[in-house]
Amino acid sequence: MALRDGRLLPVGVAATLAALVAVFYYPVGSVLLSAVYDGAQFTLSPVRSVVGDPFYHELFAFTAYQALLSTVASVVVGLPGAYLLARFEFPGRRFVRSVTILPFVLPSIMVAVGFLAMFGRTGLVNDVLGAAGLGPVELTFTLEIIVLAHAFYNAPLVTRLVTAAWESVDPARVETARTLGASPFRAFYDVILPQLLPALLTASVLTFVFTFMSFPIVLALGGLELATVEVWLFARVQSLALAEAATLGAIETALSLGLIYVYLRFEATQLNARGESRGRARIPLVAGPRSLVDPKRLALFAYAGAALVLFVGPLVSLVVESVTTPGGQFTLGYYEFLLAQQASTAAGTVRPLPAITNSLLFGAGALVLALPMGVVVSVVATRDSRGSRLSEALLTAPLAVSGIVLGLGMLRTLVFGTTLFGYRLTVTGPVAIVAAHAVAAYPFVSRNVTPALGSIDDRLVDAARALGADRTTALLDIELPLVVPALIAGAAFAFAISVGEFDSTVLLAEGVDSATMPVALERYTGNRSLGPNLGPATAMGTVLLAVTTVSFVLIDRVGRGWAQ
């Protein structure tokens with residue numbers, strides 16, 4: 001029976017808040033409080049011990065330094081792409097623009113193994129250099145490979161945000177500047193650049209936050225030799241130094257929340273100041289033989305080639321290295337290793353098939369939870385009512401908290417148990433993992449649905465209400481069908497993010513029974529039983545790549561079929 005008019009949204013908000021209190025605010029709050037409480041006694045000793053320790057000064061400084069380098073690299077790689085997509089027309093431009101979102105749904109531990117397969121001592125780059133008679137390059141466990149991997153993830157973010165800003169540059173202002181005698185460079189500097197800066201700064205701040213909290217990339221490519229705050233926090237949890245880890249997580253969360261707050265304030269300022277523009281017309285990338293020798297176009301062709309190597313190279317290397325030996329011969333030995341692992345009866349063995357099954361089941365469970373939560377947040381975000389901004393901020397807080405901190409909080413509270421009304425409550429294994437995945441995934445549902453919901457013409461809803469439909473009927477019969485494409489996209493993202501989630505899963509997985517594909521991949525990365533290469537890890541990574549791609553496409557196809 002449908003809920004009475006006007007009650008659906010409050011019930012949805014209450015249910016979403018209740019779920020978040022149980023699996024997000026309470027666990028993360030316990031981590032934050034443990035930094036200032038020793039038992040029931042308020043104290044700043046744990047914070048002072050971390051803040052006053054020179055080791056942690058260097059740890060935070062290095063984390064910020066690598067995040068700064070990664071941000072600069074992401075801007076350097078992403079900005080020419082924005083210029084290419086915004087100012088030039090060429091076959092496949094829409095497709096290229098669409099696929100810039102794909103790195104966000106690729107499991108980060110898989111991409112890290114892909115970079116090792118490409119730049120490692122026995123990787124594809126050194127194979128090519130060896131065939132050409134050149135010496136090997138060694139990038140494993142260096143800052144350079146970490147920065148490159150971060151650029152793989154975040155340069156597309158820069159490209160997408162700046163492309164949208166570049167396309168909305170007012171052509172009349174540019175033409176006016178040129179008419180008044182400004183050179184092309186002067187018109188760019190005085191007219192175009194000020195309109196690009198807000199998007200560029202937004203992308204830079206987001207990239208800095210993401211790379212400051214990066215975990216699997218640094219763990220796999222740098223290890224403890226290049227540890228950041230996240231990696232050291234994980235090491236402290238593994239050493240059962242939970243109090244120190246909680247203090248470290250609390251300080252890191254405070255810093256990231258501060259950065260996200262600055263970003264949200266800046267974004268709100270820019271949205272209010274943003275006007276409408278029909279944008280400048282794009283010019284053909286290839287317009288006759290003479291355009292092929294144009295220095296500007298030649299530079300763009302060179303950029304496109306380099307970008308193709310950076311973004312496709314690691315994934316191709318992953319697949320190639322999974323079927324070749326260090327000597328270059330074809331082999332299926334690494335996949336046979338996976339089958340042997342599956343048949344093994346040794347204790348502690350991570351088997352591929354249960355890991356695949358767990359990933360798919362956890363992804364389905366997270367999807368069931370994340371979809372309604374994301375829709376509720378979107379509805380709140382598009383309501384212009386008192387308290388809706390505060391509610392939206394509270395409901396999107398998980399974006400500012402790393403998976404390691406969430407996993408640590410769930411470990412300290414739900415997994416170890418909490419006493420409530422005299423009863424000891426524990427949430428472990430698959431239930432805890434699905435809850436953590438849903439918290440990580442629902443913001444991506446809301447990020448897809450909110451723009452679609454906000455673009456609905458209010459007159460359609462008003463007309464339905466005038467004809468007698470109650471608010472619930474108008475929502476289900478008018479608004480929901482119009483946002484189905486965005487809902488499907490959000491569902492595909494939520495599922496893919498759950499399948500690739502590693503940060504909290506590696507803490508919450510109980511032994512090998514609840515291990516997922518990313519956890520299995522991390523275990524196989526350290527397995528050198530078949531030689532000095534990454535064979536078992538690349539084989540498992542290829543399986544993960546196939547499962548992620550098929551799942552993403554399947555949800556998209558099934559969803560669109562249902563929508564029609």
Side-chain angles (χ1 to χ4, degrees), residues 66 69-70 72-74 76-78 80-81 84 103 106 108-153 155 217-223 225-226 292-338 521 524-545:
Q66 65 82 25
L69 290 181
S70 300
V72 172
S74 300
V76 169
V77 175
L84 179 64
L106 293 178
S108 50
I109 186 67
M110 184 195 75
V111 173
V113 174
F115 270 81
L116 288 174
M118 186 172 179
F119 294 108
R121 177 170 287 277
T122 60
L124 201 58
V125 169
N126 278 327
D127 290 345
V128 174
L129 290 176
L134 301 174
V137 294
E138 184 59 74
L139 289 179
T140 308
F141 298 109
T142 64
L143 184 58
E144 288 81 358
I145 196 171
I146 293 175
V147 171
L148 274 178
H150 283 163
F152 175 93
Y153 266 103
I217 293 284
V218 182
L219 179 68
L221 300 180
E225 290 83 357
L226 295 172
L292 296 177
V293 294
D294 175 32
K296 183 190 298 182
R297 288 177 168 83
L298 287 176
L300 287 173
F301 290 142
Y303 163 78
L308 192 66
V309 171
L310 175 63
F311 292 106
V312 179
L315 302 182
V316 171
S317 299
L318 183 77
V319 177
V320 171
E321 292 297 304
S322 74
V323 291
T324 54
T325 66
Q329 292 82 26
F330 176 78
T331 180
L332 291 177
Y334 308 132
Y335 292 94
E336 292 171 356
F337 170 85
L338 295 185
L521 179 55
Y524 293 153
T525 301
N527 192 310
R528 295 291 189 270
S529 60
L530 299 183
N533 59 337
L534 288 167
T538 55
M540 192 67 213
T542 302
V543 173
L544 177 55
L545 176 63

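Note that this is a predicted model, so its numbers are computed, not measured.
To the nearest 0.5 angstrom, Ile145 atom CD1 is 9.5 Å from Ile217 atom CD1. Atom-to-atom distance recorded for Ile109:CD1 and Leu219:CG is 6.0 Å, nearest 0.5 angstrom. Atoms CG and OG1, on Leu226 and Thr142 in that order, are 7.5 Å from each other to the nearest 0.5 Å.
Side-chain contact between Leu143 and Gln66 is present, with at least one heavy-atom pair separated by less than 4.5 Å. Counting only heavy atoms from C-beta outward, the side chains of Leu521 and Val543 never approach each other to under 4.5 Å. Under the 4.5 Å side-chain criterion, counting only non-hydrogen atoms from C-beta, Thr331 is not in contact with Glu336. Taking the side chain as every heavy atom from C-beta outward, Val319 and Leu315 never approach each other to under 4.5 Å. Contact check for Tyr335 versus Thr542: side-chain heavy atoms found under the 4.5 Å cut-off. Contact of the Val218 side chain with the His150 side chain is registered, since non-hydrogen atoms from C-beta on lie closer than 4.5 Å. Within the 4.5 Å cutoff, side-chain heavy atoms of Tyr524 are placed close to those of Leu338.
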>> Using side chain to side chain contact (heavy atoms under 4.5 Å, CB included), reason through Val128 and Val125 one step at a time and then give a plain yes or no.
In response: CA-CA 5 Å; Val128 174; Val125 169; 5.9 Å; no
>> Determine whether Tyr334 and Leu534 satisfy the following criterion, side chain to side chain contact (heavy atoms under 4.5 Å, CB included), listing intermediate values before the conclusion.
In response: CA-CA 9 Å; Tyr334 308 132; Leu534 288 167; over 6 Å; no
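Closest non-hydrogen pair, Leu310 versus Phe152, comes out as O-CD1, 3.5 Å.
Side-chain atoms of Ser317 and Glu321 form no donor-acceptor pair, as typed in the model, at a separation below 3.5 Å.
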